[in-house]
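Right, one structure below, let's go through it.
Only heavy atoms go into these numbers, but all of them, side chains included; no hydrogens, no water, no symmetry mates.
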Amino acid sequence: MMKFATWNVNSIRQRQDHVLDYLAREQPDVLALQEIKCQTEVFPVDAFRAAGYDSIVVGQKSYNGVAILTRHPHEVTHTALPGWETDPPQARYVEIRSCGLVFGNLYLPNGNSGGSAGYDSKLAFMEALALHARGLLQAGQDFVLLGDYNVCPTDEDCAPGALSPDDALVRPQSRAAFRRLLWLGLTDALRAVHPVGRFYTFWDYQAASWQRDSGLRIDHALLSPRVAQRLLTALPARDERGKPQPSDHVPLAVTLADAPG
């Protein structure tokens with residue numbers, strides 16, 4: 001069995017012990033982290049190496065930043081999303097090949113800041129992601145695209161009243177861009193296992209959102225077709241949100257059966 005997970009940690013320096021505890025308990029083969037909020041050279045590589053994990057990091061001072069932790073041999077395939085560029089650059093994508101799979105770790109723009117240009121950048125990222133996914137499919141590559149998508153795909157993925165109808169996370173264009181990824185042939189891992197029900201991955205720090213269970217499902221793992229055939233489980237680690245000084249997101253963990261042969 002193989003296990004991988006995605007987690008927006010909202011500052012690795014504040015949440016390092018939380019991540020180390022999660023690794024010790026759950027022992028995922030791969031953990032994708034978003035919003036690490038540190039430059040590459042100050043990421044705590046040594047601490048994770050001591051826990052048995054290599055770190056592949058694309059950092060940025062104070063904002064954004066993505067990293068992949070893996071226990072297995074790997075090859076770095078991308079340190080930015082092909083076809084998506086900003087000035088100045090934003091650290092929002094890193095990709096490796098490991099265990100016969102490509103793992104793309106993404107931190108998609110929220111889209112609520114920067115006016116129309118900020119939202120256009122969000123849609124441009126999703127367009128580039130769809131084109132990249134299509135290229136991987138055409139190449140016959142098995143892959144997973146996981147991370148903080150900043151999209152609630154359906155009304156069921158957003159607690160009633162948690163967001164206004166014009167929020168970038170629920171706008172029709174955002175949801176249509178997410179559906180485009182599914183129409184390529186990708187599988188939303190959690191919804192494949194749990195077709196209905198509220199399974200949130202994010203609760204805002206404001207307005208007692210956690211206490212009221214006013215959450216969002218915005219962290220996703222999308223699987224290419226052959227990977228989806230191996231899917232066993234997918235579930236958010238909800239209890240992480242109730243710990244002291246938590247991230248506002250929780251890990252989403254996915255397990256796969258061993259590859260045939």
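- The shortest non-hydrogen separation linking Ala5 to Ala253 is CB-CA, 3.9 Å.
- Taken to the nearest 0.5 Å, the CG atom of Asp219 stands 11.0 Å off from the CG atom of Leu108.
- Ring pair Trp203/Trp210 is perpendicular by interplanar angle, where above 60° counts as perpendicular and below 30° as parallel.
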### Query
Between Asn150 and Tyr107, is a side-chain contact (heavy atoms from CB on, under 4.5 Å) present by the stated rule, with each step listed?
CA-CA 8 Å; Asn150 268 316; Tyr107 177 39; 3.9 Å; yes

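- Between atom CZ of residue Arg15 and atom NZ of residue Lys243 there is a gap of 12.5 Å, rounded to the nearest 0.5 Å.
- Under the 4.5 Å side-chain criterion, counting only non-hydrogen atoms from C-beta, Asp248 is not in contact with Gln206.
- Side-chain contact, Ser174 with Tyr119: a donor N or O sits under 3.5 Å from an acceptor N or O.
- The distance from atom NE2 of His18 to atom OG of Ser247, rounded to the nearest 0.5 Å, is 9.0 Å.
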#### Entry: Evaluation steps, side-chain contact (heavy atoms from CB on, under 4.5 Å), between Gln90 and Trp84
CA-CA 10 Å; Gln90 298 181 35; Trp84 188 77; 4.0 Å; yes

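- Between Asp21 atom CG and Gln16 atom CD the span is 12.5 Å, to the nearest 0.5 Å.
- The shortest non-hydrogen separation linking Leu123 to Gln173 is CD2-O, 4.0 Å.
- Cluster membership for Val151 and Val144, using ILVMFWY side-chain heavy atoms within less than 4.5 angstrom, is not shared.
- Residue Leu252 comes nearest to Ala221 through the heavy atom pair CD2-N, 3.8 Å, listed as atom of the first residue, atom of the second, then distance.
- A side-chain donor-acceptor contact under 3.5 Å links Arg226 to the backbone of Gly140.
- Looking at heavy atoms from C-beta onward, His74 lies out of side-chain contact with Ile68 at the 4.5 angstrom threshold.
- Partner of Phe143 under the side-chain contact (heavy atoms from CB on, under 4.5 Å) criterion, out of Leu223, Val102, Leu222: Val102 alone.
- Annotation: side chain of Tyr149 is in contact with side chain of Leu129 (closest heavy-atom distance under 4.5 Å).
- A salt bridge between Asp213 and Arg238 is present, with a side-chain N of the basic residue lying under 4.0 Å from a carboxylate O of the acidic one.
- A side-chain donor-acceptor contact under 3.5 Å links Asp157 and Thr154.
- Applying the ring pair (Phe, Tyr, Trp, His ring centres under 6.0 Å) definition to pairs two or more places apart or across chains, those involving residues 238-261 are Phe202-His249.
- No donor-acceptor pair under 3.5 Å is formed between the side chain of Ser214 and the backbone N or O of Ser209.
- Interatomic distance, Leu231 CG to Thr255 OG1, rounded to the nearest 0.5 Å: 7.0 Å.
- When the side chains of ILVMFWY residues are joined at heavy-atom separations under 4.5 Å, either directly or via intervening members, Val254 and Val30 end up in a single hydrophobic cluster.
- Taking 4.5 Å as the limit, some side-chain heavy atom of Leu137 sits within range of a side-chain heavy atom of Pro225.
- Other residues, nucleotides and ligands contribute only 12 or fewer heavy atoms inside 6.0 Å of the OH atom of Tyr63.
- Side-chain atoms of Ser224 do not come within 3.5 Å of backbone N or O of Asp142 as any donor-acceptor pair.
- Residues Ala234 and Val193 come closest through the heavy atom pair N-CG2, 4.0 Å.
- Taking the side chain as every heavy atom from C-beta outward, Asn112 and Asp167 approach each other to under 4.5 Å.
- By the 4.0 Å N-to-carboxylate-O rule, Arg217 lies too far from Glu156 to be salt-bridged with it.
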### Task
Just do the salt bridge (charged side-chain N to carboxylate O under 4.0 Å, His left out) check on Asp204 and Arg212 with the steps written out, would you?
CA-CA 11 Å; Asp204 197 281; Arg212 296 186 297 109; over 6 Å; no

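- Cluster partners of Val45, using a side-chain heavy-atom cutoff of under 4.5 Å among ILVMFWY residues and allowing indirect links, are Trp7, Val9, Ile12, Val19, Leu20, Tyr22, Leu23, Leu31, Leu33, Ile36, Phe43, Phe48, Tyr53, Val57, Leu69.
- Scanning all heavy atoms of the two residues, the minimum distance from Asn105 to Ala67 falls at ND2-O, 2.9 Å.
- Using a 4.0 Å cut-off between charged side-chain N and carboxylate O, Lys3 and Asp29 make no salt bridge.
- Side-chain N or O atoms of Ser121 include none that pairs as donor or acceptor with a backbone N or O of Gly118 at under 3.5 Å.
- The existence of a salt bridge linking Arg25 and Glu240 is confirmed by a sub-4.0 Å separation between a basic side-chain nitrogen and an acidic carboxylate oxygen.
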### Task
Evaluate the criterion side-chain contact (heavy atoms from CB on, under 4.5 Å) for residue pair Thr70 and Ile56; output intermediate values, then yes/no.
CA-CA 8 Å; Thr70 178; Ile56 304 91; 3.8 Å; yes

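- The CG atom of Leu186 lies 6.5 Å from the CG atom of Leu145; values are rounded to the nearest 0.5 Å.
- Ring centroids of His220 and Phe178 are separated by less than 6.0 Å, placing the two rings close together.
- Remark: Arg92 is not positioned above the aromatic ring of Phe125, lacking an NZ or CZ atom under 6.0 angstrom from the ring centre and at most 45 degrees off the axis.
- Leu106 and Phe103 are assigned to two separate hydrophobic clusters, defined by single-linkage of ILVMFWY side chains at heavy-atom distances under 4.5 Å.
- Met126 and Leu182 fall within the same hydrophobic cluster, defined by Ile, Leu, Val, Met, Phe, Trp and Tyr side-chain heavy atoms under 4.5 Å apart, directly or through other members.
- No more than 12 heavy atoms of other residues, nucleotides or ligands sit less than 6.0 Å from atom CD of Gln245.
- Counting only N and O atoms by type, the side chains of Asn10 and Lys37 include a donor and acceptor under 3.5 Å apart.
- Linking Ile, Leu, Val, Met, Phe, Trp and Tyr whenever their side-chain heavy atoms come within less than 4.5 Å puts Tyr93 and Leu181 in one cluster.
- Asn64 places no side-chain N or O within 3.5 Å of a backbone atom of Glu35 that could act as its donor or acceptor partner.
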### Message
What verdict does the side-chain contact (heavy atoms from CB on, under 4.5 Å) test give for Leu101 and Leu256, after you've listed the backbone C-alpha separation in whole Å, the side-chain angles of each residue and the deciding distance to 0.1 Å?
### Response
CA-CA 12 Å; Leu101 302 178; Leu256 306 176; 4.1 Å; yes

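- Listed for the Arg175 side chain is no donor-acceptor partner under 3.5 Å among the backbone atoms of Leu169.
- Shortest non-hydrogen contact noted between Thr6 and Gln34 is OG1-NE2, 2.9 Å.
- With Thr86 contributing its side chain and Pro88 its backbone, the two residues share a donor-acceptor pair below 3.5 Å.
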